[in-house]
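One structure is given here, and the rest of the page talks about it.
Numbers restart at 1 for each chain; the letters A, B, ... are given by sequence-line order, proteins then strands. Excluded from the calculations below are hydrogen atoms, water molecules and symmetry mates; all remaining heavy atoms, backbone and side chain alike, are included.
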2 protein chains.
Amino acid sequence: MYSIGDLSRRTGVKIPTIRYYEQMGLIAAPERSEGNQRRYERSELERLAFIRHARDLGLSIDSIKDLLALSQHPERPCGEADRIASEHLATVREKIARLKKLEQELERIVACDGNHTVGDCYVIRALADHSMCESEH
Amino acid sequence: MYSIGDLSRRTGVKIPTIRYYEQMGLIAAPERSEGNQRRYERSELERLAFIRHARDLGLSIDSIKDLLALSQHPERPCGEADRIASEHLATVREKIARLKKLEQELERIVACDGNHTVGDCYVIRALADHSMCESEH
DNA sequence: TCTATTGCTCCAGAAGCTATAGGTTTGAGG
DNA sequence: CCTCAAACCTATAGCTTCTGGAGCAATAGA
């Protein structure tokens with residue numbers, strides 16, 4: 001049996017976050033000690049590690065819930081799990097694309113060398129005037 | 001004089017968001033009509049467009065506050081504006097780098113073709129077992 | 001003047017935690 | 001067995017950047 005602190009140390013998930021996950025229904029409310037403290041079994045440790053990993057990969061709490069529910073049914077086809085991961089991959093790719101545009105825009109803006117006054121600073125001018133942008137955003 | 005709706009249409013910032021910006025001190029509380037409705041001048045429209053643009057670029061409300069304060073003093077050196085934009089560029093680049101790692105990880109995970117069962121689904125297995133990852137994250 | 005549209009304030013919610021306050025339990029050392 | 005620090009408990013509020021709704025008042029066009 002693990003205390004919540006043990007679980008936290010072993011998974012790298014902070015204690016308040018574990019309690020939060022319990023509230024959100026990602027992990028079941030565990031047994032309690034006589035003094036009302038949470039006592040976890042090994043299976044909960046694995047479940048939490050799964051959650052941690054998925055969160056690190058940026059999956060939403062809701063997606064993780066779905067994946068966890070799926071993993072309870074090893075006999076079912078796994079197309080759904082594949083779909084969740086693929087969709088997430090698509091959103092990650094979109095984010096990358098958007099950020100790259102911003103990067104370009106900011107690179108242009110930052111070309112101001114900082115050695116003059118705000119009155120003719122390219123950073124300020126570029127922000128004030130959207131039409132100076134090269135791409136839509 | 002513009003109503004809040006005019007301002008919203010011209011800048012693409014939603015009405016509640018404009019009021020929120022007022023609350024946050026990004027724009028000054030404008031004059032009011034006899035019936036207590038907000039009435040804006042052209043200068044506020046430009047200020048809001050500046051804010052909108054900077055938000056689109058992902059700058060935080062606090063950074064925008066600083067930039068707006070700077071732009072009130074055209075005679076000052078602009079190194080500070082340059083610094084804010086450069087720092088932001090750095091965080092954007094970091095985000096891109098992190099997302100690219102996730103992209104790779106997800107690509108590997110998604111290699112599961114969806115045509116079998118959850119029990120041996122690569123998506124689920126990869127999420128359960130961090131050691132299957134190629135890079136740290 | 002009537003009425004559709006727009007505006008007002010206040011408040012709650014979304015996501016995913018994090019922190020604080022004020023109290024209780026646990027477990028190791030003496 | 002006793003003590004005491006560390007760990008744990010609950011409940012609640014806060015973070016960030018908005019967004020949406022309720023319930024009511026003002027405005028503008030026909």
Item to check | Ion pair check, B/Arg38 and B/Glu31, cut-off under 4.0 Å | outcome: no
Checklist entry - Below 4.0 angstrom from OP1 or OP2 of C/dT18, is there any side-chain N or O of A/Thr17? => result yes
Item to check | Interatomic distance where CE belongs to B/Met24 and P belongs to D/dC15 [whole Å] | outcome: 10 Å
Checklist entry - If only side-chain N and O atoms of A/Ser3 are considered, is one of them under 4.0 Å from the OP1 or OP2 phosphate oxygen of C/dT26? => result no
Item to check | C/dA15 phosphate, OP1 or OP2, under 4.0 Å from A/Ser60 side-chain N/O | outcome: no
Next on the checklist: Check this for me: does any side-chain nitrogen of one of A/Arg39 and A/Glu34 sit under 4.0 Å from a carboxylate oxygen of the other?
Outcome noted: no
Checklist entry - So what does A/Arg19 touch, heavy atoms closer than 4.0 Å: a base, only the sugar-phosphate, or nothing? => result base
Item to check | SB check A/Asp56 A/Arg52 (cutoff 4.0 Å) | outcome: yes
Checklist entry - Could you give the CD-to-C1' distance, from B/Glu34 to D/dA26, as a whole number of Å? => result 11 Å
Checklist entry - Looking only at atom types and distance, does a side-chain atom of B/Ser86 sit under 3.5 Å from a main-chain N or O of B/Asp82, one as donor and one as acceptor? => result yes
Item to check | side-chain N/O A/Ser33 vs C/dT25 OP1/OP2, d < 4.0 Å | outcome: no
Checklist entry - Under 4.0 angstrom, heavy atoms only, what part of the nucleic acid is A/Arg9 near: base, sugar-phosphate, or nothing? => result nothing
Checklist entry - Given atom CD of B/Glu22 and atom C1' of C/dT9, what is their separation to the nearest angstrom? => result 12 Å
Checklist entry - Quick one: B/Asn36 CG to D/dT27 P, roughly how many Å, whole number? => result 9 Å
Checklist entry - According to a strict under-4.0 Å criterion, is B/Tyr21 in side-chain N/O contact with OP1 or OP2 of D/dC18? => result yes
Checklist outcome for this item: Ranking B/Asp62 and A/Asp6 by the position along DNA chain D of their nearest nucleotide, the one closer to 5' is A/Asp6
Item to check | d(CD1, A/Ile18; P, D/dA7) in whole Å | outcome: 14 Å
Checklist entry - Between D/dT10, D/dC8, C/dG16, which one does the side chain of A/Arg38 approach most closely? => result D/dT10
Checklist outcome for this item: Rounded to whole Å, the CZ-P distance (B/Arg32 to D/dT27) equals 12 Å
Checklist outcome for this item: Contacts of A/Tyr20 and A/Arg39 projected onto DNA chain C by closest heavy atom; the upstream (5') one is A/Tyr20
Checklist outcome for this item: Rounded to whole Å, CD1 of A/Ile51 lies from C1' of C/dA15 at a distance of 16 Å
Next on the checklist: Starting the side chain at C-beta, find the nucleotide from D/dG20, D/dC9, C/dC8 nearest to B/Lys14.
Outcome noted: D/dG20
Item to check | Rounded interatomic separation in angstrom, taking CD1 from B/Ile15 and P from D/dG20 | outcome: 12 Å
Next on the checklist: Looking at B/Lys65 and B/Ser60, would you say the former's side chain and the latter's main chain have a donor-acceptor pair under 3.5 Å?
Outcome noted: no
